[in-house]
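Accompanying notes for the structure given below.
Each residue takes its place number in the sequence, starting with 1.
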Amino acid sequence: MQQELLHLTYNEFNELESYEFELPQDTVIEGIFEQEDNEKQMAIRKLNFTLCILLAVLIAVTTVSYYFATATEITLNNLSRETSVFNDENVELENQLDKLKSFNNVDKSLQKSNTLAKAKQVIEVEEVSSANLAKATTDSRKVFSWSIGY
């Protein structure tokens, strides 16, 4: 069979369905071929696999931490919004309180001074006729008033 394989042409060799035969022993292949380092390739594959797993774990941790950071930020925004609303309400209530305090203070001072109390005695004044009132005289000359500036 080995001699028959040597006499096959290239096309006949490619047309064979089964490649389970061995090359003849007297065939010599010459050239410089790099030897595969199986241990090195296995170590590189293990390192790549480990790095891929580590990368996947880091991506998962980053995704989870991003979710929590976003949820926390949303909660803080809601609290900030509520705080602003409460502060605005507080300002309005303080203004109303100041207004009521000022009315209360005025009321207390009026009660102390008793200025709005009813008069206990009536003062009578003689009637004055309007004809007897002195008329104010005006000068026909206008007085020049000095001013500083233009």
Side-chain angles (χ1 to χ4, degrees), residues 1-125 133 136 138-150:
M1 173 139 184
Q2 290 178 358
Q3 290 182 355
E4 292 174 8
L5 287 176
L6 289 175
H7 296 293
L8 290 175
T9 63
Y10 179 75
N11 290 335
E12 291 173 347
F13 183 76
N14 285 338
E15 290 175 2
L16 288 177
E17 293 179 12
S18 165
Y19 296 105
E20 296 178 5
F21 57 89
E22 295 181 11
L23 288 175
Q25 294 294 331
D26 55 351
T27 307
V28 176
I29 302 175
E30 295 180 3
I32 300 174
F33 301 103
E34 293 184 16
Q35 295 290 328
E36 291 185 18
D37 191 6
N38 291 334
E39 292 176 5
K40 183 178 178 183
Q41 292 294 331
M42 286 178 58
I44 290 173
R45 266 190 237 118
K46 285 182 182 180
L47 181 65
N48 284 342
F49 183 72
T50 305
L51 290 176
C52 286
I53 289 176
L54 183 65
L55 182 62
V57 168
L58 288 176
I59 288 173
V61 168
T62 305
T63 305
V64 169
S65 65
Y66 178 75
Y67 169 75
F68 284 118
T70 305
T72 305
E73 186 176 348
I74 290 171
T75 305
L76 287 176
N77 286 341
N78 289 336
L79 290 175
S80 174
R81 201 172 301 118
E82 289 175 8
T83 304
S84 298
V85 169
F86 288 142
N87 284 339
D88 292 341
E89 289 176 4
N90 191 18
V91 167
E92 291 175 9
L93 291 174
E94 283 180 3
N95 288 338
Q96 290 177 358
L97 182 65
D98 290 342
K99 193 175 188 181
L100 291 175
K101 279 185 177 179
S102 67
F103 284 137
N104 193 18
N105 289 339
V106 168
D107 187 39
K108 282 183 181 178
S109 64
L110 286 177
Q111 286 176 1
K112 285 180 184 176
S113 65
N114 206 12
T115 56
L116 296 179
K118 292 184 180 179
K120 293 179 182 172
Q121 148 182 33
V122 177
I123 302 173
E124 294 183 13
V125 181
L133 291 177
T138 58
D139 277 341
S140 60
R141 293 182 0 196
K142 289 191 175 182
V143 179
F144 181 75
S145 60
W146 290 92
S147 64
I148 298 174
Y150 295 99

Please list, one pair per line, the donor and acceptor atoms closer than 3.5 Å that link side chains of residues 96-103 to other protein atoms, with sequence neighbours excluded.
from, atom 1, to, atom 2, distance (Å)
Ser102, OG, Asp98, O, 3.4
Ser102, OG, Lys99, O, 2.7

Would you mind writing out the side-chain donor-acceptor pairs for residues 57-75 within the sub-3.5 Å range, not counting sequence neighbours?
from, atom 1, to, atom 2, distance (Å)
Thr62, OG1, Leu58, O, 2.7
Thr63, OG1, Ile59, O, 2.8
Ser65, OG, Val61, O, 3.2
Ser65, OG, Thr62, O, 2.9
Thr70, OG1, Tyr66, O, 2.8
Thr72, OG1, Phe68, O, 2.7
Thr75, OG1, Ala71, O, 2.9

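Here Arg81 pairs with Asn78 under the side chain to side chain donor-acceptor pair (under 3.5 Å) rule; sequence neighbours left out. Qualifying side chain to side chain contact (heavy atoms under 4.5 Å, CB included) partners for Glu94, counting only residues two or more places apart in sequence or in other chains: Asn90.
Expressed to the nearest 0.5 Å, how far CG of Asn48 lies from CD of Gln41 amounts to 10.0 Å.
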